[in-house]
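Along the sequence shown, the residues carry numbers beginning at 1.
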Amino acid sequence: MTDNGTSTGAAGTPATSPMTTWAVRLGDEAATEHLARVLADESQPGDLITLSGDLGAGKTTFARAFVRAFAGDPGLEVPSPTFTLMQLYETARGNVVHADLYRISDPLELDNLGWDEAIEDAVVLVEWPDRAGEYLTADRLDVNLRLVPGLEGERVAVLTATGSRAAWLADFKAVRTVLDRAGWGLGERKPIYGDASSRRYERVTKPGGETAILMFSPPRPKVPTLGREKPYHVVARLSESVHAFVAVDRGLRALGFSAPVIYGQDLDAGLLLVEDFGGEGVADAAGPIPERYAEAVRLLARLHASPVPDVLPVVEGVDHAIPPYDLDALTIEVRLLLEWYLPYRAERFVPNAGREAFGRIWTGLLNEVTAGPHTWALRDFHSPNLIWLKSRQGVARVGLIDFQDAVMSHPAYDLASLLQDARVTVSPELELRLLALYARERRARDPAFDAEALTRAYAILGAQRATKLFGLFVRLDRRDGKPAYLAHLPRIGEYLRRNLSHPALHELRDWFATHLPQLATEA
């Protein structure tokens, strides 16, 4: 498929009836069938698709390919409904109704055909839709197939979506454009498991077996902050758009680290087509694989010993400033404990004085680490986001896939994120061994490296991260309907207690012992 121009809206279209139009040039009959299959993959019961256009332009070809693709049966017999008027197909994905209304002279005749009953909870494909009058809803996709004069076999499909389908077509157009321009237009798309964010992912597989990852990360809606409190994501320095991923990806690859190659992108739509690193991780069912965690530690030591900028290019003329992981950001995160975990699990009420003490203690600790050295903190540097690339060498074997929320922070943050992995249990023995490895790697590059200061900052930021996760994982359960994260809370409690044992955190340890003793003392 080739993009032949796009327009959104139409003259005289009421504001309450949005419209999106996209013209797609089809080189031959096979391209028409491909467009039908792609639309079938995107369709679901309740969708209405109307077919119109020139005689001989391929409406029958389109309809047959659509029905077969939706049914998942390339050999399915799909006769023309010219004489039966309607043909019903029952499939595993739901029903498809293919209607040809050429012989209808009055829309009321549809009542005699049992139209309303037939189309209920079905994908409805209608040829000659003008004969149906008001029986067809405004929420529809029209596929108008036109012959290209002077070019035998070529045609243009003009896709026009109205009502609630208008936004869908705009998104569909963006995805198809990224895939087609990158040479992945014939790839098959399958959803894959995402993360705790609102991002979505699909694996795209070419006919020859090559794969890539399609990432959907729409820009966050702009929220006016004048005269009101800033939203959480702004204060916590979470990325506003996919620009951050592109910038940090380029920065990591420039330093020789394994971040995905970006094959295609639509920055405004928040779409990226990137290299697929596969699914081999740094942990398995038994827990961390020590040699792979060790390589990830070496990667951090190398990154933290490298000078890095705080502004990175996205595309020519557009830069991304990596924000500081400042006191406000770190503080709003630990306050998630008070806002979400306390109402969920607290055994006692925490008075205002206790809440004020919580803030005061954390301010002192966090001021200490924000005044220290700064580097890129990828922020979610832990097992789900580290892919083992066994065909590569050294630290390049550690594939990095989640870094769009990167900030300028103390180097201890990502180290704590890895060695106190929220998803798998890192034993105290392995944690200490890898901390020592990190210190040796840093000292080999800088004999003045202060391991004691690193250990102190590690305990503070490890406690900060654990405290945040108690609130964040409960929020994921209660607000976002993702209860699976609650299973990690006992592990996070163990990490919190390890950090609280450091002398620098004695006041925070006393606070937990007073107000949340189950977190401070459970074995």
Quick check: does any side chain N or O of [X] sit under 3.5 Å from a backbone N or O of [Y], one acting as donor and the other as acceptor?
X: R155; Y: L145; value: no
X: E42; Y: V38; value: no
X: R237; Y: V407; value: no
X: R68; Y: L76; value: yes
X: E275; Y: V261; value: yes
X: T91; Y: G94; value: yes
X: D480; Y: K482; value: no
X: S217; Y: V242; value: no
X: D106; Y: E109; value: no

Where do I49 and V124 land on the side-chain contact (heavy atoms from CB on, under 4.5 Å) test, with the steps shown first?
CA-CA 6 Å; I49 300 175; V124 183; over 6 Å; no
Single hit among T160, N144, D142, D130 for side chain to side chain donor-acceptor pair (under 3.5 Å) with T50
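Of the listed residues T160, N144, D142, D130, the side chain to side chain donor-acceptor pair (under 3.5 Å) partner of T50 is D142.
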Answer whether the closest heavy-atom distance between the side chains of [X] and [Y] falls below 4.5 Å.
X: E240; Y: H233; answer: yes
X: R392; Y: K390; answer: no
X: R220; Y: L238; answer: yes
X: I322; Y: H320; answer: yes
X: V308; Y: L303; answer: yes
X: V97; Y: L125; answer: no
X: F66; Y: V123; answer: yes
X: D266; Y: T177; answer: no

Please give me the minimum heavy-atom distance between [X] and [Y], naming the atom from each residue.
X: F62; Y: A36; result: O-CB, 3.3 Å
X: P45; Y: F70; result: CD-CZ, 4.4 Å
X: D276; Y: A212; result: CB-CA, 3.8 Å
X: M86; Y: A99; result: CG-CB, 3.9 Å
X: G72; Y: P74; result: O-CD, 3.9 Å
X: V274; Y: P260; result: CB-CB, 3.9 Å

Cation-pi check, R478 to Y344: give yes when NZ or CZ is under 6.0 Å from the six-membered ring centre and within 45° of the ring axis, no otherwise.
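Output no; distance or angle outside limits.
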Under the 6.0 Å and 45° cation-pi test, does R475 pair with Y232?
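Verdict for Y232: a cation-pi partner in R475.
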Are D421 and R491 close enough, and set up right, to give a salt bridge (Lys or Arg N to Asp or Glu O under 4.0 Å), and what steps lead you there?
CA-CA 9 Å; D421 196 321; R491 178 183 304 112; over 6 Å; no
To the nearest 0.5 Å, what is the distance between [atom1] ([X]) and [atom2] ([Y])?
X: S241; Y: D268; atom1: OG; atom2: CG; result: 9.0 Å
X: S409; Y: W376; atom1: OG; atom2: CH2; result: 14.5 Å
X: R165; Y: T20; atom1: CZ; atom2: OG1; result: 11.0 Å
X: R93; Y: D41; atom1: CZ; atom2: CG; result: 6.0 Å
X: L272; Y: L267; atom1: CG; atom2: CG; result: 7.0 Å
X: L88; Y: E117; atom1: CG; atom2: CD; result: 10.0 Å

I'd like to know whether L48 forms a side-chain contact (heavy atoms from CB on, under 4.5 Å) with L141, so could you lay out the CA-CA distance, the side-chain angles of the two residues, the decisive distance to 0.1 Å, and finally the verdict.
CA-CA 6 Å; L48 170 63; L141 171 68; over 6 Å; no
Q404 and H243 side chains, donor-acceptor separation under 3.5 Å:
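No donor-acceptor contact under 3.5 Å links the two side chains.
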Determine whether the side chains of R397 and S258 contain a donor N or O and an acceptor N or O closer than 3.5 Å.
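No, no side-chain donor-acceptor pair sits under 3.5 Å.
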With a 4.0 Å cut-off, would you call [X] and [Y] a salt bridge?
X: K190; Y: E188; answer: yes
X: R189; Y: E202; answer: yes
X: K230; Y: D328; answer: no
X: R465; Y: D380; answer: yes
X: D402; Y: R379; answer: no

More than 12 heavy atoms of other residues, nucleotides or ligands under 6.0 Å from NZ of K206: yes or no?
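More than 12 within 6.0 Å, yes.
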Derivation and outcome, salt bridge (Lys or Arg N to Asp or Glu O under 4.0 Å), residues R292 and E280
CA-CA 11 Å; R292 297 183 182 183; E280 187 170 353; 2.9 Å; yes
Aromatic ring proximity, centroids under 6.0 angstrom, F216 and Y201
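Ring centroids of Y201 and F216 are no less than 6.0 Å from each other.
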I want to know whether W168 and F172 have ring centres closer than 6.0 Å.
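For W168 and F172, the ring centres are under 6.0 Å apart.
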Evaluation steps, side chain to side chain donor-acceptor pair (under 3.5 Å), between E333 and Y325:
CA-CA 11 Å; E333 290 182 337; Y325 210 7; 2.5 Å; yes
Any chance you could lay out the side-chain contact (heavy atoms from CB on, under 4.5 Å) test for L26 and V24, step after step, and finish with the verdict?
CA-CA 6 Å; L26 305 173; V24 180; 4.0 Å; yes
Check I119, L101, I104, L108 against Y135 for a side-chain contact (heavy atoms from CB on, under 4.5 Å) and give me the one that passes.
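Option passing the side-chain contact (heavy atoms from CB on, under 4.5 Å) with Y135: L108.
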Y263 vs W184 aromatic rings, parallel, tilted or perpendicular, using cut-offs 30° and 60°?
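Answer is parallel, since the angle falls under 30°.
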Mind running side-chain contact (heavy atoms from CB on, under 4.5 Å) on V474 and L489 for me, showing each step along the way?
CA-CA 9 Å; V474 170; L489 295 184; 4.3 Å; yes
